[in-house]
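Everything on this sheet refers to the single structure shown next.
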Amino acid sequence: MEKQKTYGFLNNFIYALNIERKSNLRLLAITLIKPIGDIVGTLLNSYAPKYVLSFIENDLPLKTIIIYTIVICLIMLIFDIISTSCYNSFEFEYRKTEGYVEKKRMDKLFHTDFKNMESPDFLDYAQRAKTAVTRGSGFHGVLYESRNFIAQGTLMILSAVLIGIQNLLMMVCFIIISFGTAKILTYFTKLDKEKFSDAMAPTWRKMTYLESTTKNFDFAKDIRLFNMSNIFQRKLDDVNNVYNVKNKEHHNRWIVCNVDMELILLIQKVLMYTWLVYNVVTGAYQISDFVLYVGLVTTFHNSVGYVNWIYSSIRGNCLMINDYRNFIDWKEDKETADEKDGYITDINLNRFEFRFENVSFKYPGHDNYVLKNVNLTIKDGAKLAVVGVNGAGKTTFIKLMMKLYEPSEGRILLNGIDIKEYNREEYFKLFSPVFQNVESFAMPIYQNISFAEEDKTDMNKIHKVLEQSGLGEKINSYEKGVHTNLLKIFDKEGIDLSGGEKQRLAMARALYKDGKVVILDEPTAALDALAEDRMYREFENMIKGKTAVFISHRLGSTRFCDKIAMFEDGMIVEEGTHEELMAKNGKYAYMFGIQSQYYEEKQKNSDNAESTETTNNGDAKALKVEMEGGQ
Ligand SMILES: Nc1ncnc2c1ncn2[C@@H]1O[C@H](COP(=O)(O)OP(=O)(O)OP(=O)(O)O)[C@@H](O)[C@H]1O
């Protein structure tokens, strides 16, 4: 688990103000101007009754009293307007700052090491960082309350000084009481952050998963057909139960805190009123003084309460900002950091030879090795087929080759240089991958292929690769053609593609990218036999002269490769050409034999059906294609 860095309260507070300054200067201006309106407005509220009363006590003419009173009211109105307009524009202006911090958070998620995306620790921090950018907490909480903190803090000091001028002892008592309540609040805020916010992060993560899975169209079919609602609801009940227990503790904690504070504040009120009533009874104060000091006492009392609450709220929100900073600054692996001095960023190579040297690998957080002491060379321009049973380590092998993970032991070299030395983002650009599981994104079709804005997309090339991957006719049949949106998230008329069509889309992406190294991981798993036949012909064009790795369960389809590496239990157990491996009569030959038998039987049945029903011979041809993967 990543060690959390703890920044002080002030450090986090300044960080939030800095974010405010960088993202929206107007918001910073509001933060500074609103307190002026609040302070003057509140003090006038205390002084206005005293002055109006003193005009009467001093027998001023009625007309003068009315004019003075109107002037006082107008001044109060001006400061009230300043305060209210700042208050109203805060939410609107905050939108920019919200966008700024959210963008930083998303950037981290987009660029972090691939392995972090499956690390529960990292995902918990991602969840906490999300809380820090949610309205009402984190940055919003700190910036919103900082205006009130400045206003109420100043009012607290001013009213304390004004009271202190009259009675120093009282002022000292009030200050001690305010420190006492502040201490109680700090204690409860810290306790609650640990016992509630932090402890709830894994529960939020689970809830988010359950919620997003339930409404995800990709899962909707399985959920219904396998009647998974019960199991989902049970899991939801489990997390809800944890939430309910923690939430109850959270609320009880705050009730205890409030009661403690109210008891202390009661002592303060009793002291203050005793002092004021005594002075009026002994004739030391006039009625107008009494009214003024009641106003100041109330202001002091309220501002102490506010300052405590606001301070505690800002403190709690600063702890969330601390989490946000820990997430944004989450240390990436040194080897894969983006802009490290000395890392090779210019990967303009014209030959691509990969060498795996004693490579072993275990997934983060797991003890078992998924790859064991793999030694293999893929020569420049060579086509390597990787075969083996499910779970043998084939996909893991290419994930390592593409630098999505790093070897736990050993090293991988490209042209003799450890791939650790290459800048990750530049290195990714080398590859054109086609995976078996393909995601379509809620974007127009052309963008699902180029991953660029329209003005940076070569539309002719888009049409060409769509034709090559067999999607051209389908896409052209839509009114908006390549501008048709996929999925219905941004466009009610968006379309969805079938599994096979998605795989063709992946092929179009790879063709468009035209990477110098081609990776095909079961690229035809979802295709029908005829589409597969066509795709293989495209592959041959696509990989001509390039280094390529091809994973397939259809052993016949690997014959166009120069070399076959057979994986078993994370190790390469056989290596050579198809003919060499067949001659060896080992595991590869055995697997090939079993598959041939199956397809021969299928073909025999098809032939029988063909002779008796004299049907077309398309199926038999398709079977032959299926076995040989288009060869
Ligand atoms: N992200 C992961 N975390 C932990 N273990 C994983 C992860 N991905 C894969 N594995 C494990 O690693 C082993 C090898 O998986 P891999 O996907 O490389 O196999 P494969 O040969 O490509 O299988 P298939 O033919 O089914 O695609 C499997 O036992 C799998 O459970």
Side-chain angles (χ1 to χ4, degrees), residues 1 109 112-124 126 202 205-206 209 213 332-333 336 354 356 358-376 378 383-410 412 419 424 431 433-439 499-500 502-503 506-507 517-527 532 548-558 561 563-575 581 586-588 590-592 594-595 598 626 629:
M1 160 125 187
L109 282 169
T112 189
D113 284 346
F114 177 69
K115 66 166 194 226
N116 288 339
M117 296 304 289
E118 60 178 359
S119 148
D121 287 343
F122 180 81
L123 294 177
D124 282 348
R205 173 163 47 81
K206 289 175 197 164
Y209 169 77
T213 309
E332 302 294 329
D333 276 356
T336 54
F354 292 88
F356 281 64
N358 306 320
V359 171
S360 298
F361 177 71
K362 43 188 177 184
Y363 278 97
H366 293 259
D367 293 330
N368 57 319
Y369 280 95
V370 171
L371 290 181
K372 297 164 198 158
N373 202 28
V374 171
N375 284 289
L376 181 80
I378 312 169
K383 282 69 177 144
L384 171 77
V386 178
V387 301
V389 294
N390 293 132
K394 305 181 294 296
T395 302
T396 309
F397 169 79
I398 56 166
K399 281 185 194 161
L400 260 65
M401 183 175 164
M402 290 193 291
K403 210 164 141 77
L404 289 172
Y405 293 98
E406 290 136 38
S408 313
E409 285 151 36
I412 303 168
I419 62 172
R424 181 177 46 178
F431 294 90
V434 183
F435 295 113
Q436 51 178 315
N437 296 324
V438 187
E439 298 305 331
K502 279 188 199 163
Q503 213 150 33
M507 171 74 176
V517 180
V518 178
I519 302 286
L520 305 168
D521 184 359
E522 285 283 316
T524 60
L527 294 186
E532 189 173 24
V549 178
F550 174 46
I551 298 182
S552 178
H553 285 294
R554 228 158 280 172
L555 301 186
S557 69
T558 62
C561 296
K563 189 155 92 168
I564 296 166
M566 170 131 186
F567 277 72
E568 191 179 88
D569 196 19
M571 289 181 287
I572 297 182
V573 286
E574 285 178 19
E575 195 183 329
L581 296 187
K587 296 190 172 177
Y588 176 83
Y590 175 72
M591 259 178 89
F592 190 86
I594 301 242
Q595 272 195 357
Y598 166 70
E626 201 178 332

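Order of listing sets the numbers, starting from 1, for every ligand and every atom in it.
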Legend entry - Heavy-atom nearest neighbour in the protein, as seen from atom 3 (N) of ligand 1, with distance rounded to 0.1 Å: Tyr363 CG, 3.4 Å
Inset, instruction - Using the six-membered ring wherever Trp is involved, compare the ring planes of Phe431 and Phe354 and label them parallel, tilted or perpendicular (cut-offs 30° and 60°). - result: tilted
Inset, instruction - Could you tell me whether the side chain of Asn358 and the main chain of Asn373 form a donor-acceptor pair under 3.5 Å? - result: no
Legend entry - Donor-acceptor contact below 3.5 Å, side chain Lys383 vs main chain Phe550: no
Legend entry - His553 neighbourhood, listing ligand 1 atoms whose heavy-atom distance to it stays under 4.0 Å: 25 (O)
Legend entry - Nearest neighbour in protein (non-hydrogen) for atom 26 (O) of ligand 1: Asn390 ND2, 3.0 Å
Legend entry - Whether Tyr405 and Phe361 hold their rings parallel, tilted or perpendicular, with breakpoints at 30° and 60°: tilted
Legend entry - Nearest protein heavy atom under 4.0 Å from atom 30 (C) of ligand 1, yes or no: no
Inset, instruction - Find all atoms of ligand 1 within a distance of less than 4.0 Å from any non-hydrogen atom belonging to Thr396, and give their numbers and elements. - result: 14 (C), 15 (O), 16 (P), 18 (O)
Legend entry - Any side-chain heavy-atom pair of Ile378 and Lys563 under 4.5 Å: no
Legend entry - Separation between CD of Glu568 and NZ of Lys587, rounded to the nearest 0.5 Å: 3.5 Å
Legend entry - Distance-only N or O hit between ligand 1 and Val370, under 3.5 Å: no
Legend entry - Sidechain-backbone polar pair: Lys394 side chain, Val389 backbone, donor-acceptor under 3.5 Å: yes
Inset, instruction - Say whether Gly388 and ligand 1 are in contact under the criterion: heavy-atom distance to a ligand atom below 4.0 Å. - result: no
Inset, instruction - Please report which non-hydrogen protein atom sits nearest to atom 1 (N) of ligand 1, along with the residue it belongs to and the distance in Å to one decimal place. - result: Glu118 OE1, 2.7 Å
Inset, instruction - Would you mind listing which atoms of ligand 1 come within a distance below 4.0 Å of any non-hydrogen atom of Gly393? - result: 14 (C), 18 (O), 19 (O), 20 (P), 21 (O)
Inset, instruction - With heavy atoms under 4.0 Å as the rule, classify the contact between Glu522 and ligand 1 as side chain, backbone, both or neither. - result: neither
Inset, instruction - For atom 17 (O) of ligand 1, find the nearest protein heavy atom and state the residue, atom name and distance (0.1 Å precision). - result: Thr395 CB, 3.6 Å
Inset, instruction - Please answer whether the main-chain N or O of Asp569 pairs with a side-chain N or O of Lys372 as donor and acceptor at a distance below 3.5 Å. - result: yes
Legend entry - Residue, atom name and distance, where the atom is the protein heavy atom closest to atom 27 (O) of ligand 1: Gln436 NE2, 3.7 Å
Legend entry - Minimum-distance protein heavy atom relative to atom 25 (O) of ligand 1: Lys394 NZ, 2.7 Å
Legend entry - Polar proximity ligand 1 side, Gly391 side, N/O cut 3.5 Å exclusive: yes
Legend entry - Check: Tyr369/Glu409 side-chain N/O donor and acceptor closer than 3.5 Å: yes
